[in-house]
Amino acid sequence: MARTPEGPPPPPTVQRLRIRYAKRGRLRFTSHRDFARAFERALRRARVPMAYSAGFTPHPKVSYANAAPTGVASEAEYLEIGLAEVRDPAQLQAELNAALPDGLDILQVVAAPPGALADLLQASRWAIELPGVTEVEAEKALAAFLAADVVEVTRTTKNGPRTFDARAAVVAATVRVAERRDGTDGDPCAILEVVVRQVTPAVRPDDVLAGLARVADLRPLQSPRVTRLAQGLLGADSAEVHDPLAPAPPG
């Protein structure tokens, strides 16, 4: 005879909210698991009326989508939560920010429309800072990368080394130069902005950098700094990434 959980079933989900958050500064080194623990503690501190799954080990209804790699800053991380009571999104944003450490910042909370959040995250726009690399060097390397039909890179996974094409997922890319806040000349620092389509296996910024090293021997002397600037629907021109929390256009 199958066992059944004791006690009444958990209350139903009456509201779903989608949340955009950022990882900034030193908190970019927070792993996805570390963030999940910090966020669930913040939910408890803020006394958010979470809905829970059924079964012997109920869990708060939190769905994470396409988290950035550890060590990467981001202005566009997303998750969805289910609540057992209706809450004001703006008030919930303020309460969660008060309960989270600085550097893990809730940027937006909106009511979730029908459909899956993951379906709206088709591409990401990344900024990759290349300390010590000039604009000319970066543009030359990028041109070689974009001209290639296939750029194979190898990444070590939990199942061992895996080789895949890093070129096909890159749908747009440009180079610009970092602006120095003090207005003085310093060491060069080109910034590569790339729009990368979500594919399987996922192509990450470090895979793009491995591809640039492969086709153009571009190897920054210092560790590149990476920030996810946007994540969402891919525009018709393949260069724009649209806000997944924006209201759907009428019609």
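Considering CZ of Arg20 and CD of Gln108, their distance stands at 6.5 Å, rounded to 0.5 Å. Here the CG atom belonging to Leu27 is positioned 8.5 Å from the CG atom belonging to Asp102, to the nearest 0.5 angstrom. In this structure, the separation between CG on Leu104 and OG on Ser74 is 11.0 Å, given to the nearest 0.5 Å. A distance of 4.5 Å separates CD in Glu95 from CD in Gln91, rounded to the nearest 0.5 Å. The distance from atom NZ of Lys61 to atom OG1 of Thr13, rounded to the nearest 0.5 Å, is 3.5 Å. In this structure, the separation between CD on Glu139 and CG on Leu192 is 10.5 Å, given to the nearest 0.5 Å.
Screening Asn66, Val196, Val241 against Arg228 for a side-chain contact (heavy atoms from CB on, under 4.5 Å) leaves a single residue, Asn66.
For the pair Leu218 and Phe145, the minimum side-chain heavy-atom distance is 4.5 Å or more. Side-chain contact check for Arg197 versus Gln122: every heavy-atom pair is 4.5 Å or farther apart. Proximity of Arg26 to Pro101: side-chain heavy atoms (C-beta onward) are nowhere separated by under 4.5 Å. You'll find the side chain of Asp243 stays beyond 4.5 Å of the side chain of Leu233, heavy atoms only. You'll find the side chain of Arg167 reaches within 4.5 Å of the side chain of Leu146, heavy atoms only. You'll find the side chain of Pro89 stays beyond 4.5 Å of the side chain of Val110, heavy atoms only.
In this structure, Tyr78 is not a member of the same hydrophobic cluster as Leu17, with clusters built from ILVMFWY side-chain heavy atoms closer than 4.5 Å. By the criterion of side-chain heavy atoms lying less than 4.5 angstrom apart, applied directly or through intervening Ile, Leu, Val, Met, Phe, Trp or Tyr residues, Leu120 is not grouped with Trp126; the two fall into different hydrophobic clusters. Hydrophobic cluster membership differs between Val136 and Val215, with clusters built from Ile, Leu, Val, Met, Phe, Trp and Tyr side chains linked at under 4.5 angstrom. Each of Leu43 and Leu117 belongs to its own hydrophobic cluster when Ile, Leu, Val, Met, Phe, Trp and Tyr are linked at side-chain heavy-atom distances under 4.5 angstrom. At a threshold of 4.5 Å between side-chain heavy atoms, the hydrophobic network of Ile, Leu, Val, Met, Phe, Trp and Tyr places Leu83 and Leu100 in one connected group.
In this structure a side-chain-to-backbone donor-acceptor pair under 3.5 Å is present from Gln15 to Arg87. Between the side chain of Glu137 and the backbone N or O of Thr134 there is at least one donor-acceptor pair closer than 3.5 Å. Side-chain N or O atoms of His242 include none that pairs as donor or acceptor with a backbone N or O of Glu240 at under 3.5 Å. Of the possible polar contacts, one joining the Thr157 side chain to the Asn159 backbone as a donor-acceptor pair under 3.5 Å is found. For Arg16 (side chain) and Pro113 (main-chain N/O), a donor-acceptor pair under 3.5 Å exists by modelled atom type. Side chain of Arg214 to main chain of Asp217: no donor-acceptor pair is present (N/O by atom type, distance under 3.5 Å, no hydrogens or angles). Remark: the backbone N or O of Ile106 is paired with a side-chain donor or acceptor of Gln93 at under 3.5 angstrom. With Glu80 contributing its side chain and Ala112 its backbone, the two residues share no donor-acceptor pair below 3.5 Å. A donor-acceptor contact shorter than 3.5 Å links the side chain of Arg45 to the backbone of Ala99. No donor-acceptor pair under 3.5 Å is formed between the side chain of Asp165 and the backbone N or O of Val150.
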Margin query: For Leu96 and Ile19: C-alpha separation, side-chain torsions, deciding distance, then whether side-chain contact (heavy atoms from CB on, under 4.5 Å) applies.
Written below: CA-CA 11 Å; Leu96 286 175; Ile19 296 175; 4.2 Å; yes
Check: Between Thr227 and Glu75, is a side-chain hydrogen bond (donor to acceptor under 3.5 Å, both in side chains) present by the stated rule, with each step listed?
Finding: CA-CA 7 Å; Thr227 302; Glu75 294 294 315; over 6 Å; no
Item checked: Worked check of side-chain contact (heavy atoms from CB on, under 4.5 Å) between Val195 and Val170 -> CA-CA 6 Å; Val195 176; Val170 177; over 6 Å; no
Check: Stepwise, does the side-chain contact (heavy atoms from CB on, under 4.5 Å) test hold for Leu130 with Leu209?
Finding: CA-CA 10 Å; Leu130 305 171; Leu209 289 169; 3.7 Å; yes
Item checked: side-chain contact (heavy atoms from CB on, under 4.5 Å) between Arg28 and Val72, intermediate numbers included -> CA-CA 5 Å; Arg28 70 186 186 277; Val72 171; 6.0 Å; no
Check: Yes or no on side-chain hydrogen bond (donor to acceptor under 3.5 Å, both in side chains) for Thr163 and Thr154, after CA distance, side-chain angles and deciding distance?
Finding: CA-CA 4 Å; Thr163 300; Thr154 300; 2.8 Å; yes
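Under the 4.0 Å criterion applied to side-chain N and carboxylate O atoms, Arg24 and Asp105 are assigned as salt-bridge partners. Taking the charged nitrogens against the carboxylate oxygens, Lys23 and Glu77 have no contact shorter than 4.0 Å, which rules out a salt bridge. A salt bridge is defined here as a Lys NZ or Arg NE, NH1 or NH2 lying under 4.0 Å from an Asp or Glu carboxylate O, and Asp206 with Arg204 meets this definition.
Taking all atoms of both residues into account, the shortest heavy-atom contact from Ala67 to His32 is CB-ND1, 3.5 Å. What you find for Val203 and Arg155 is that their closest heavy atoms are CA-NH2, 4.3 Å. Closest heavy-atom contact between Pro201 and Phe164: CG-CG, 3.9 Å. Nearest heavy atom pair, residue Leu121 against residue Ala65, reads CD1-CB, 3.5 Å. Across every non-hydrogen atom of Gln198 and Ala123, the tightest pair is CG-N, 3.6 Å. Here the shortest heavy-atom pairing between Arg18 and Gly115 reads NH2-O, 2.7 Å.
Proximity of the aromatic rings of Tyr52 and His59 is defined here by a centroid distance below 6.0 angstrom, and this criterion is not met. Between Tyr21 and Phe35, the ring center distance clears the sub-6.0 Å criterion.
Other residues, nucleotides and ligands contribute only 12 or fewer heavy atoms inside 6.0 Å of the CZ atom of Arg162.
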